[in-house]
Amino acid sequence: QIVVKPTWCDYTAKAGDIVLELDPGMAFGTGTHPTTTMCISLIERYLAKDDLFLDIGTGSGILMIAAAKLGAGKICGIDHDETAVHIAVENLRRNSVDTQQFFVNCANLAEGIEETYDMVVANILSRVILDLLNEIDSVLKPGGIFICSGITDKNETQVVTAMQKIGFEILEIVSQDEWVAIAGCLMA
């Protein structure tokens, strides 16, 4: 359903297409990397209308834009790179996401987040995901969905085991090339 269109290309949308117009600039997230496409696919499957959505390591903002176009309520993005934060804001505006609906902040992992979200997504490195799991319950509602990728297949078991150890039910694991994405539900 989701089509990622670079700003410099023309595309005629077909019925049912949700078009994300993106200029990644210096930020990660063009929409072509397997980790990004798997995250978008899992967001499509598990995001409910009006869910509160948090993207940790937002990069270009592509996952925030996808969530907004799929009906998320409030969307928030965090990135430790100030350039990425500015690019994400521009991409959200370019895609007509209401500025009252989103917030993007320059911070590390879930630093400074005081709310809890229905869905948290992190498309970052495995070792950073493992660090994030130490504080995930402070930003994810019980029963909420955590989607993570940026995980190589050799690190899949380590991440799955860490998630299960803190109370996640693994809903789905998808892989493409040597990359893995995991969707889990934080059990109450």
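Among all heavy-atom pairs drawn from Q164 and I170, the shortest one is NE2-CG1, 3.8 Å. Minimum interatomic distance between C185 and G143 (heavy atoms only, all atoms of both residues): SG-O, 3.5 Å. Counting all heavy atoms, side chain and backbone alike, Y46 lies closest to A183 at CE1-CB, 3.9 Å. Across every non-hydrogen atom of A110 and V139, the tightest pair is CB-CG1, 3.7 Å. The two atoms that bring L47 and A67 nearest to each other are CD2-O, 3.6 Å, heavy atoms only. Considering every non-hydrogen atom in both G57 and I124, the closest pair reads CA-CG2, 4.1 Å.
Taken from SG in C76 to CG in L54, the straight-line distance is 5.5 Å, to the nearest 0.5 Å. Rounding to the nearest 0.5 Å gives a distance of 9.5 Å between CG of L140 and CG of L132. Separating the CD1 atom in I56 from the CD1 atom in I78 is a distance of 7.0 Å, to the nearest 0.5 Å. The CE atom of M38 sits 8.0 Å away from the NE2 atom of H33 when rounded to the nearest 0.5 Å.
In this structure a side-chain-to-backbone donor-acceptor pair under 3.5 Å is missing from T161 to Q158. Looking at T58, its side chain never comes within 3.5 Å of a backbone N or O of D55 through a donor-acceptor pair. Remark: the backbone N or O of A181 is not paired with any side-chain donor or acceptor of Q176 at under 3.5 angstrom. When atom types are taken as modelled, the side chain of D79 and the backbone of D81 share a donor-acceptor pair closer than 3.5 angstrom.
Counting heavy atoms from C-beta outward, N105 and V85 have side chains that stay 4.5 Å or more apart. Side chains of R93 and T99 form a contact here, defined as non-hydrogen atoms less than 4.5 Å apart. Here the side chains of I145 and I147 are in contact, with some heavy-atom distance below 4.5 Å. Within the 4.5 Å cutoff, no side-chain heavy atoms of W179 are placed close to those of I151. The side-chain heavy atoms of I136 and I166, taken from C-beta on, include a pair separated by under 4.5 Å. Using a 4.5 Å cut-off on side-chain heavy atoms (C-beta onward), C148 and M163 make contact. Side-chain contact between L42 and V174 is present, with heavy atoms from C-beta onward closer than 4.5 Å. Inter-residue side-chain proximity for F102 and M64 is flagged as met; some heavy-atom pair is nearer than 4.5 Å.
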### Task
Give the C-alpha distance, both sets of side-chain angles, the deciding distance and a yes or no for side chain to side chain contact (heavy atoms under 4.5 Å, CB included) between N155 and I129.
CA-CA 11 Å; N155 293 325; I129 291 168; over 6 Å; no
### Task
In sequence, state the C-alpha distance, the side-chain angles, and the governing distance for F103 and I113, and then conclude on side chain to side chain contact (heavy atoms under 4.5 Å, CB included).
CA-CA 11 Å; F103 174 75; I113 299 295; 5.6 Å; no
### Task
Please assess I182 against F146 for the test side chain to side chain contact (heavy atoms under 4.5 Å, CB included), listing each intermediate value before the final yes or no.
CA-CA 8 Å; I182 304 165; F146 179 53; over 6 Å; no
### Task
Output, in order, the C-alpha distance, side-chain angles, deciding distance and verdict of side chain to side chain contact (heavy atoms under 4.5 Å, CB included) for V159 and V180.
CA-CA 10 Å; V159 174; V180 175; over 6 Å; no
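Residues Y117 and F53 place their aromatic rings such that the two centres sit no closer than 6.0 Å.
Residues V128 and F168 share a hydrophobic cluster, clusters being chains of Ile/Leu/Val/Met/Phe/Trp/Tyr side chains in contact below 4.5 Å. Cluster membership for I65 and I75, using ILVMFWY side-chain heavy atoms within less than 4.5 angstrom, is shared. Under the 4.5 Å side-chain heavy-atom criterion for grouping Ile, Leu, Val, Met, Phe, Trp and Tyr, I43 is connected to I62 within one hydrophobic cluster. In the hydrophobic cluster analysis, where Ile, Leu, Val, Met, Phe, Trp and Tyr join through side-chain heavy atoms closer than 4.5 angstrom, I173 is grouped together with L125. Taken together through direct or relayed side-chain contacts under 4.5 Å among Ile, Leu, Val, Met, Phe, Trp and Tyr, L92 and L70 form part of one hydrophobic cluster.
Under 3.5 Å, the side chains of S60 and N91 contain no donor-acceptor pair of N or O atoms.
Among residues at least two apart or in separate chains, salt bridge (Lys or Arg N to Asp or Glu O under 4.0 Å) pairs with a member in residues 163-177 are R45-E172. Contacts classified as salt bridge (Lys or Arg N to Asp or Glu O under 4.0 Å) and involving residues 108-134 (residues at least two apart or in different chains) are given here: K74-E115, D118-K141.
With a 6.0 Å radius and a threshold of 12 heavy atoms from other residues, nucleotides or ligands, E82 has its CD atom at or below the threshold.
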